[in-house]
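Along the sequence shown, residues carry numbers from 1.
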Amino acid sequence: MKDYMAPMEGVTNFIYRRAYHRFYHPMDKYFTPFISAKPKKNLSFQEICEVSPERNEGMYVVPQILTCNADDFIRTAQLLKEDYGHEEVNLNLGCPSGTVTAKGKGAGFLAEPQKLDQFLDQIFSELDMKISVKTRVGTHYEEDWDYLLAIYEKYPMYELIIHPRIQTDMYRGVPRLGAYEKAVKRLKMPLCYNGNLFSVADYKRITELFPETDCFMYGRGLITNPGLVTEIREGNRPDKKTLREFHDCLFEEYQELLSGERNVLFRMKELWSYMAVNFTNYEKYAKKIKKSQHLPEYLSVVSSLFAEQDLVD
Ligand SMILES: Cc1cc2nc3c(=O)[nH]c(=O)nc-3n(C[C@H](O)[C@H](O)[C@H](O)COP(=O)(O)O)c2cc1C
């Protein structure tokens, strides 16, 4: 069985991945949030941090690329290989955000099958690297999936990560398991399941429905409960002390990396918007965390939450 951390822009950056890797069950792969491939543009400082081996020690990291231009994809992938030693890259065909899809990228690319086919043809013939793809199952209609499967099966994908929602689902509703099943039946390449794995029970349900699937990618469920995969793989639930240490590590690293307490608070508040529900009676603490303006005030609310409440079952 293989476990992957999902790319999540603004969340699963190198700081988060490093802290996670130190305190919880290690993932087989960590995917970077998407890097926009632009013509003739080198990586930004932030992007270099995401992909450089020095900042990602001990972890298998796969850079994810967002573009609908094959030349830009190839150029960026080659740069990632030559300058940072990456042998594998991932193509984003899932981002549902309007600003991305309006430019025909991310999930928006799925609406242009001919162009997508040509794009894949070019990158698979010109690049000597492992190329994996992370995809949704369509843009507006699940019926899109049939023609997408007919395209995907032509290419030697290193693996195909399927988030079985269509673009217009955004992150709402339940994954379209019928679409995932079609892929399991039809495609020969390795598949990875992604979507709504929030609990051990969710994981078990997917393994029961799809016993041939041996690869799982975790997003919001893992950010909500960083101990989720530890519990799935090791059978025991990490305690409150581990969560506190994990939190403190992130908090310290963000203070070192980011300038100004506003930026640090922004990152930490975003994490708590997922993590707070792990605690009993979390509502009033979550509100205070959201309202906090300064680091000491923030830390005092977090300390009270850890001291006064327990992790829920
Ligand atoms: C805040 C946020 C940022 C995301 N950023 C990316 C991204 O950069 N690249 C990507 O392929 N998917 C991105 N995703 C999608 C996740 O990788 C994942 O496919 C999605 O959350 C479904 O998995 P889950 O139900 O386990 O969360 C993002 C999702 C969220 C909520």
Go through it in stages, so that I can follow the logic: the residues are Phe31 and Asn92, the test is side chain to side chain contact (heavy atoms under 4.5 Å, CB included), and I'd like the CA-CA distance, side-chain angles, deciding distance and then a yes or no.
CA-CA 11 Å; Phe31 289 74; Asn92 180 324; over 6 Å; no
Evaluate Thr76 against Thr67 for side chain to side chain contact (heavy atoms under 4.5 Å, CB included), listing each step before the verdict.
CA-CA 10 Å; Thr76 306; Thr67 184; over 6 Å; no
With salt bridge (Lys or Arg N to Asp or Glu O under 4.0 Å) as the criterion, how do Lys204 and Glu208 come out once you've worked through the C-alpha distance, each side chain's angles and the decisive distance to 0.1 Å?
CA-CA 6 Å; Lys204 282 196 176 142; Glu208 277 160 23; over 6 Å; no
Tyr282 and Gln309: side-chain hydrogen bond (donor to acceptor under 3.5 Å, both in side chains), yes or no, with the steps?
CA-CA 8 Å; Tyr282 67 88; Gln309 301 298 331; over 6 Å; no
Decide yes or no on side chain to side chain contact (heavy atoms under 4.5 Å, CB included) for Arg237 and Asn225, but give the supporting numbers first.
CA-CA 10 Å; Arg237 188 146 195 241; Asn225 169 17; 4.0 Å; yes
Evaluate the salt bridge (Lys or Arg N to Asp or Glu O under 4.0 Å) criterion for residues Asp121 and Lys154: first the C-alpha distance (whole Å), next the side-chain angles of each, then the deciding distance (0.1 Å), finally the verdict.
CA-CA 9 Å; Asp121 189 53; Lys154 296 198 290 179; over 6 Å; no
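Side-chain atoms of Thr213 never come within 3.5 Å of backbone atoms of Cys215 as a donor-acceptor pair (strictly under, hydrogens ignored). In terms of modelled atom types and a separation under 3.5 Å, the side chain of Tyr84 and the main chain of Lys81 share no donor-acceptor contact. Judged purely by atom type and a 3.5 angstrom limit, Tyr20 has no side-chain atom pairing as donor or acceptor with the backbone of Pro26. Panel note: side chain Asp144, backbone Thr139; a donor-acceptor pair is recorded below 3.5 Å. Within the 3.5 Å criterion, the main-chain N or O of Gly10 finds a donor-acceptor partner in the side chain of Arg267. In terms of modelled atom types and a separation under 3.5 Å, the side chain of Asn263 and the main chain of Ser259 share a donor-acceptor contact. A donor-acceptor contact shorter than 3.5 Å is absent between the side chain of His140 and the backbone of Ala111. At distances below 3.5 Å, not a single donor-acceptor pair connects side-chain atoms of Ser300 with backbone N or O atoms of Pro296.
In terms of heavy-atom proximity, Arg55 sits nearest to Cys49 at CB-O, 3.4 Å. Residues Pro226 and Leu243 come closest through the heavy atom pair CG-CD1, 3.9 Å. Nearest heavy atoms, Tyr285 versus Val301: O-CG1, 3.7 Å. For the pair Ala276 and Ala286, the tightest heavy-atom approach, listed with the atom from each and the gap, is CB-CB, 4.0 Å. The two atoms that bring Ile123 and Ile131 nearest to each other are O-CD1, 3.7 Å, heavy atoms only. Residue Thr242 comes nearest to Phe23 through the heavy atom pair CG2-O, 3.7 Å, listed as atom of the first residue, atom of the second, then distance.
No hydrogens or angles considered: a donor-acceptor pair under 3.5 Å links the side chains of Tyr298 and Trp272. No side-chain donor from either of Asn278 and Thr224 sits under 3.5 Å from a side-chain acceptor of the other. Between the side chains of Thr168 and Tyr141, no donor N or O sits under 3.5 Å from an acceptor N or O. Side-chain atoms of Asn56 and Glu50 form no donor-acceptor pair, as typed in the model, at a separation below 3.5 Å. Glu261 and His294 share a donor-acceptor pair across their side chains, judged by distance under 3.5 Å alone.
Cluster membership for Ile65 and Phe109, using ILVMFWY side-chain heavy atoms within less than 4.5 angstrom, is shared. The hydrophobic cluster containing Val264 also contains Phe14, counting ILVMFWY residues as joined when their side-chain heavy atoms lie under 4.5 angstrom apart, directly or transitively. The hydrophobic cluster containing Val277 also contains Phe306, counting ILVMFWY residues as joined when their side-chain heavy atoms lie under 4.5 angstrom apart, directly or transitively.
Salt bridge annotation for Arg233-Asp3: present, with a cationic side-chain nitrogen under 4.0 angstrom from a carboxylate oxygen. Salt bridge absent: Asp169 and Arg136 never bring a charged side-chain N and a carboxylate O closer than 4.0 Å. Between Lys182 and Asp146, at least one side-chain nitrogen of the basic residue sits less than 4.0 Å from a carboxylate oxygen of the acidic one, meeting the salt-bridge criterion. Using a 4.0 Å cut-off between a side-chain N of Lys or Arg and a carboxylate O of Asp or Glu, Arg75 and Asp71 do not qualify as a salt bridge.
The closest side-chain heavy-atom distance from Met8 to Ile223 is below 4.5 Å. With contacts defined as side-chain heavy-atom distances shorter than 4.5 Å, the pair Pro175/Tyr180 does not qualify. A heavy-atom distance below 4.5 Å is not found between the side chains of Lys29 and Met5. At a threshold of 4.5 Å between non-hydrogen side-chain atoms, the residues Tyr147 and Glu143 do not count as touching. Between Phe45 and Glu47, the closest side-chain pair of non-hydrogen atoms is not below 4.5 Å. Side-chain contact between Ile166 and Arg176 is present, with heavy atoms from C-beta onward closer than 4.5 Å. Trp145 is listed as a side-chain neighbour of Ile162, based on a closest heavy-atom distance under 4.5 Å. Between Leu299 and His247 the shortest side-chain heavy-atom distance falls below 4.5 Å.
The salt bridge (charged side-chain N to carboxylate O under 4.0 Å, His left out) analysis of residues 122-135, with sequence neighbours excluded, yields no pairs. Each salt bridge (charged side-chain N to carboxylate O under 4.0 Å, His left out) pair with one or both residues in residues 281-310, not counting sequence neighbours, appears once here: Lys240-Asp310. Judged as a side-chain hydrogen bond (donor to acceptor under 3.5 Å, both in side chains), the pairs with a partner in residues 6-16 (not counting sequence neighbours) are, in order, Asn13-Tyr254.
The distance from atom CG of Asp248 to atom CD of Glu253, rounded to the nearest 0.5 Å, is 12.0 Å. Note that CD of Gln167 is 9.0 Å distant from SG of Cys95, once rounded to the nearest 0.5 Å. With rounding to the nearest 0.5 angstrom, the CZ atom of Phe73 is 5.5 Å from the CZ atom of Phe119.
Legend: residues meeting salt bridge (charged side-chain N to carboxylate O under 4.0 Å, His left out) with Asp28, ordered by chain and number and at least two apart, are absent.
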Can you give me every donor-acceptor pair (side chain of residues 186-201, partner residue at least two apart or in another chain, under 3.5 Å) with its distance?
from: Arg186; atom 1: NE; to: Glu153; atom 2: OE1; distance (Å): 3.2
from: Arg186; atom 1: NH2; to: Glu153; atom 2: OE2; distance (Å): 2.9
from: Tyr193; atom 1: OH; to: Gly195; atom 2: O; distance (Å): 2.9
from: Asn194; atom 1: ND2; to: Met217; atom 2: O; distance (Å): 3.2
from: Asn196; atom 1: OD1; to: Arg165; atom 2: NH1; distance (Å): 3.1
from: Asn196; atom 1: OD1; to: Arg165; atom 2: NH2; distance (Å): 2.7
from: Asn196; atom 1: OD1; to: Arg220; atom 2: NH2; distance (Å): 2.9
from: Ser199; atom 1: OG; to: Ala201; atom 2: N; distance (Å): 3.4
from: Ser199; atom 1: OG; to: Asp202; atom 2: N; distance (Å): 3.0
from: Ser199; atom 1: OG; to: Asp202; atom 2: OD2; distance (Å): 3.3

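For an aromatic pair to be called close, the ring centres must be under 6.0 Å apart, and Tyr4 with Tyr218 fails this. For Tyr24 and Phe246, the distance between ring centers is under 6.0 angstrom.
Through side-chain heavy atoms spaced under 4.5 Å, either directly or across other Ile, Leu, Val, Met, Phe, Trp or Tyr residues, Val100 is tied to Phe34, Leu66.
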